[in-house]
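The structure under discussion appears below in the form of structure tokens.
First listed ligand is number 1; within each ligand, the first listed atom is number 1.
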Amino acid sequence: MYASLKGKDYISTQDWTDEEIELALEKSAELKFMFKNGVPHRFLPDKTIFLLFFDKSTRTRNSFEAGITQLGGHAHFIEASSSQIAHGESPKDTGVILSSYGHGIAIRHDLAPGEGNTYIREIAQWADKPVINMQCDVDHPCQTLADLMTIREIFGKDLRGRKIAVSWAYAPSYAKPMSVPQGLIMLMTRFGLDVTLAHPPEFTLMESAMKIARENAKKAGVKFEVVDDMDAAFENADIVYPKSWGIESLFHKPEEALEISKKYKYWICDERRMSLANPKAVYMHCLPADRSNEVTDAVIDGPQSVVFQEAENRLHTCKAIMALTM
Ligand code: CP
């Protein structure tokens, strides 16, 4: 089974079968154990991955860079704005050339709906090495794999009957991509969770992701519902995942989206809202969080928060993806 993933792209969780996702989670747990116990795991000696960023990052860049080093390989960081991509070099030429220099290409291209996923898939079409999505406009499959790992560590593998509330929350910092909530509704409906999505009317997600979530939920026999009330979403939830995102049609006019979002400043995860969820509910966020806007310090620093466990699992899961595919 491991051999079957060699060379495979990881652009959306939806591109991998349930068995392949299970394998990635098993490998992540194995690598976490080895890392924590000082067991060497140089599974990719002398291999090179190119990390191509069109946007900023803390967790993703550093988990990939540290991860490939721990696996015995090396990462090249490429900022799109300081490469020939900024002068218009095509995805075809970039994909062919980078894949001839190394063993994998990972890309973050997440800020413009309709662009990132298309760009990554075009690179993948021409690259003869695996291409990994480090976040696009549609999905953030490295994040959601780490989220599923974290949820299973807390609640166990059988998630049937458990509820996750994926909610929009107010943030004034910038119009954040839609890919995390989209990735969550697509993946969590496949692995047993009942999913409630909550957002103000203007903050809809892409219809393509909604359709996949509805189909996945039907196939798995779980619930997928959409509400416009954060309180209602939190009621009886086992996992709450409130975060901000932008308006699909306004990513090229982010100030307009931020102006609209001001109407919903009360969409914050605070202790009152946490009290609506199950007493043992956990608070998750992909980070970075807008403290005092998306979430209060009392919640994100409180006993129900698992954000640092979640962030740490980004390391173990990206190592698993690299080890399995490169
Ligand atoms: N969650 C996440 O992708 O973090 P970064 O934007 O810091 O990479």
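- Among Glu225, Lys223, Arg162, the one residue that satisfies the side-chain contact (heavy atoms from CB on, under 4.5 Å) test with Asp194 is Lys223.
- Between Tyr283 and His285, the ring planes lie tilted relative to each other; the angle falls in the 30° to 60° range.
- Phe77 and Phe53 have tilted rings, their planes meeting at an angle from 30° to 60° on a 0 to 90° scale.
- Contact check on Asp15 versus Arg121 returns a salt bridge, with a Lys/Arg side-chain nitrogen under 4.0 Å from an Asp/Glu carboxylate oxygen.
- Sorted by chain then number, the residues whose non-hydrogen atoms approach ligand 1 to under 4.0 Å are Ser57, Thr58, Arg59, Thr60, Arg108, His140, Gln143, Cys286, Leu287, Arg314.
- No salt bridge links Glu215 with Lys218; every basic N to acidic carboxylate O contact stays at or beyond 4.0 Å.
- Relative to the six-membered ring of Phe43, Lys319 misses at least one condition, a distance below 6.0 Å or an angle of at most 45° to the axis.
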